[in-house]
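The first residue in the sequence is number 1, and the count goes up from there.
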Amino acid sequence: MISPKAEIDPKAKIGKNVTIYPFAYIEGDVVIGDDCVIYPYVSIMNGTRLGRGNVVYQNTVLGAVPQDFNYCGDASQLVIGDDNTFRENVVINRATFCSGKTEIGNRNSFMEGVHVSHDTKISDDCVFGYGTKIAGDCEIENAVIFSSNVIANAGVRVGRGSMVQGGCRLSRDVPPYIIASDNPVKYGGINATILTNHGVSQKVQDHIANAYRLVFHGQTSVFDAVRQVREQVPDGFEIRHIIEFIDATKLGLISKMW
């Protein structure tokens with residue numbers, strides 16, 4: 001299952017039933033979990049920790065040195081969960097400092113040409129379309145979909161269940177359960193398809209829509225809009241998550257729909 005033509009440092013830890021094709025390059029401070037598949041010309045660099053069942057396609061680089069002028073050679077890490085797919089030419093940077101980690105959860109799909117920068121945190125069940133670029137220190141929650149050629153600038157947060165349409169450039173946070181579209185990026189309604197697919201009732205979807213009507217269409221500040229959401233929208237997991245996400249924003253939210 002491991003080609004003799006692959007270059008693997010003897011210090012690397014390789015799990016059971018791992019397939020490694022010819023011309024893959026694996027450095028010593030690497031852990032590869034069971035049932036992974038590593039295609040030709042993949043580079044897995046020091047500090048990378050791969051869970052089970054990951055599939056890594058040609059020319060992908062995992063654990064690349066951070067593209068950050070603050071990087072001074074720290075033995076930092078990239079920690080990846082289970083059952084992720086990395087298509088061709090994907091680049092994932094490890095963290096800038098040894099105290100940090102770039103983290104990727106489970107069951108995510110990275111299409112051709114995606115780049116995820118240092119110290120970014122990605123949760124589970126996300127899809128990153130062709131050519132998407134995620135800058136450093138971003139946070140992507142569960143079940144987020146990025147269409148092709150999305151650019152997320154440093155520190156951006158994207159809430160669970162949101163969809164960012166193709167070509168968007170994000171400099172502010174995208175709250176949960178919505179569609180973000182256009183440039184400058186604007187609120188384009190709730191992501192009803194994802195909510196329905198995840199078993200969220202129509203009643204709760206209406207509550208989410210009402211909450212965002214106050215946030216994005218009201219004539220008040222975001223602070224006052226959140227207060228109105230607390231007072232006027234029935235409580236529930238999704239509403240609490242929206243409030244917590246907005247309360248934690250540092251960059252502010254994307255724009256209103258015009």
Side-chain angles (χ1 to χ4, degrees), residues 1-3 5-15 18-33 35-98 100-123 126-138 140 146 148-154:
M1 304 295 286
I2 299 178
S3 171
K5 295 182 179 179
E7 185 170 343
I8 305 173
D9 190 298
K11 296 179 183 178
K13 297 178 181 179
I14 311 296
V18 172
T19 301
I20 302 178
Y21 283 85
F23 313 117
Y25 174 76
I26 299 172
E27 294 190 325
D29 183 21
V30 168
V31 177
I32 298 177
D35 303 313
C36 288
V37 179
I38 312 299
Y39 279 95
Y41 303 106
V42 168
S43 296
I44 303 182
M45 316 301 286
N46 285 328
T48 301
R49 308 288 183 262
L50 273 169
R52 298 173 56 99
N54 294 287
V55 182
V56 189
Y57 283 82
Q58 290 89 334
N59 299 312
T60 285
V61 182
L62 300 180
V65 171
Q67 298 182 35
D68 183 350
F69 291 122
N70 293 312
Y71 179 69
C72 297
D74 283 25
S76 55
Q77 289 191 345
L78 163 63
V79 179
I80 297 171
D82 303 334
D83 300 313
N84 297 284
T85 300
F86 302 89
R87 292 305 305 254
E88 297 81 359
N89 304 306
V90 170
V91 177
I92 314 288
N93 295 113
R94 61 181 183 262
T96 297
F97 303 110
C98 61
K101 296 178 183 177
T102 303
E103 296 183 62
I104 294 172
N106 308 307
R107 300 176 302 278
N108 298 289
S109 294
F110 300 82
M111 302 304 180
E112 189 273 332
V114 171
H115 183 183
V116 178
S117 294
H118 63 90
D119 298 284
T120 283
K121 316 295 184 189
I122 294 172
S123 295
C126 297
V127 176
F128 298 87
Y130 300 103
T132 289
K133 310 297 180 185
I134 311 295
D137 298 296
C138 290
I140 314 298
F146 282 54
S148 300
N149 297 309
V150 172
I151 296 175
N153 290 320

Original post:
Going through the distances and angles, do Arg107 and Asp83 end up as a side chain to side chain contact (heavy atoms under 4.5 Å, CB included)?
Top reply: CA-CA 5 Å; Arg107 300 176 302 278; Asp83 300 313; 4.0 Å; yes
Subject >> Ile44 side, atom CD1; Asp9 side, atom CG - distance, nearest 0.5 Å >> reply: 12.5 Å
Side chains of residues 72-81: which donor-acceptor pairs under 3.5 Å do they make with residues two or more places apart or in other chains?
residue, atom, partner, partner atom, Å
Asp74, OD2, Cys98, N, 3.0
Ser76, OG, Ala95, O, 2.4

**OP:** Quick one: pull up CD1 in Ile122 and CD1 in Ile134 and give me the separation to the nearest 0.5 Å.
**Re:** 6.5 Å
**OP:** Determine whether the side chains of Asn70 and Thr96 contain a donor N or O and an acceptor N or O closer than 3.5 Å.
**Re:** no
**OP:** Say whether, by atom type as modelled, one donor and one acceptor occur between the side chain of Lys101 and the main chain of Lys121 under 3.5 angstrom.
**Re:** no
Original post:
Can you tell me if Asp82 uses its side chain to pair, donor with acceptor, with the backbone of Gly51 under 3.5 Å?
Top reply: no
Original post:
Which residues pass the side-chain contact (heavy atoms from CB on, under 4.5 Å) test with Gln67, sequence neighbours left out?
Top reply: Asn93, His115
**OP:** Sequence neighbours left out, what pairs pass salt bridge (Lys or Arg N to Asp or Glu O under 4.0 Å) with at least one residue falling in residues 37-54?
**Re:** Asp29-Arg49, Asp34-Arg52, Asp35-Arg52
Original post:
Tyr21 and Ser3: which non-hydrogen atoms are nearest, and at how many Å?
Top reply: C-CB, 3.8 Å
**OP:** Determine whether Phe128 and Val116 make a side-chain contact, defined as any pair of heavy atoms from C-beta on separated by less than 4.5 Å.
**Re:** no
Original post:
When rounded to the nearest 0.5 angstrom, what is the spacing between CG in Leu62 and CD1 in Ile26?
Top reply: 10.0 Å
Original post:
Would you say Arg87's side chain and Met111's backbone share a donor-acceptor pair under 3.5 angstrom?
Top reply: no
Original post:
Out of Val42, Thr85, Val37, which one pairs with Tyr57 under the side-chain contact (heavy atoms from CB on, under 4.5 Å) rule?
Top reply: Thr85
**OP:** Would you check if Glu27 and Ile8 make a side-chain contact, meaning some heavy-atom pair closer than 4.5 Å?
**Re:** no
**OP:** Apply ring-ring contact (aromatic ring centres under 6.0 Å, His included) to Tyr130 and list each qualifying residue two or more places apart in sequence or on a separate chain.
**Re:** none
Subject >> N/O donor-acceptor pair under 3.5 Å between Thr60 side chain and Val90 backbone >> reply: yes
**OP:** Just jot down the ring-ring contact (aromatic ring centres under 6.0 Å, His included) partners of Phe86, sequence neighbours excluded, or say none.
**Re:** Phe110
Subject >> Side-chain heavy atoms of Asp119 within contact of Phe97, under 4.5 Å >> reply: no
**OP:** For Ser117 and Pro66, indicate whether the former's side chain and the latter's backbone hold a donor-acceptor pair under 3.5 Å.
**Re:** no
Original post:
Going by atom types alone, do Asn108 and Asn84 pair a side-chain donor with an acceptor below 3.5 Å?
Top reply: yes
**OP:** Report the residues that fulfil ring-ring contact (aromatic ring centres under 6.0 Å, His included) with Tyr71, sequence neighbours left out, ordered by chain and then residue number.
**Re:** none
Original post:
Going by atom types only, do Glu112 and Asn89 share a side-chain donor-acceptor pair under 3.5 Å?
Top reply: yes
**OP:** Provide the closest heavy-atom pair for Ala135 versus Ala154 in the form atom of the first, atom of the second, distance.
**Re:** CB-N, 3.4 Å
Subject >> Side chains of Ile20 and Ile38 in contact at under 4.5 Å (non-hydrogen atoms) >> reply: yes
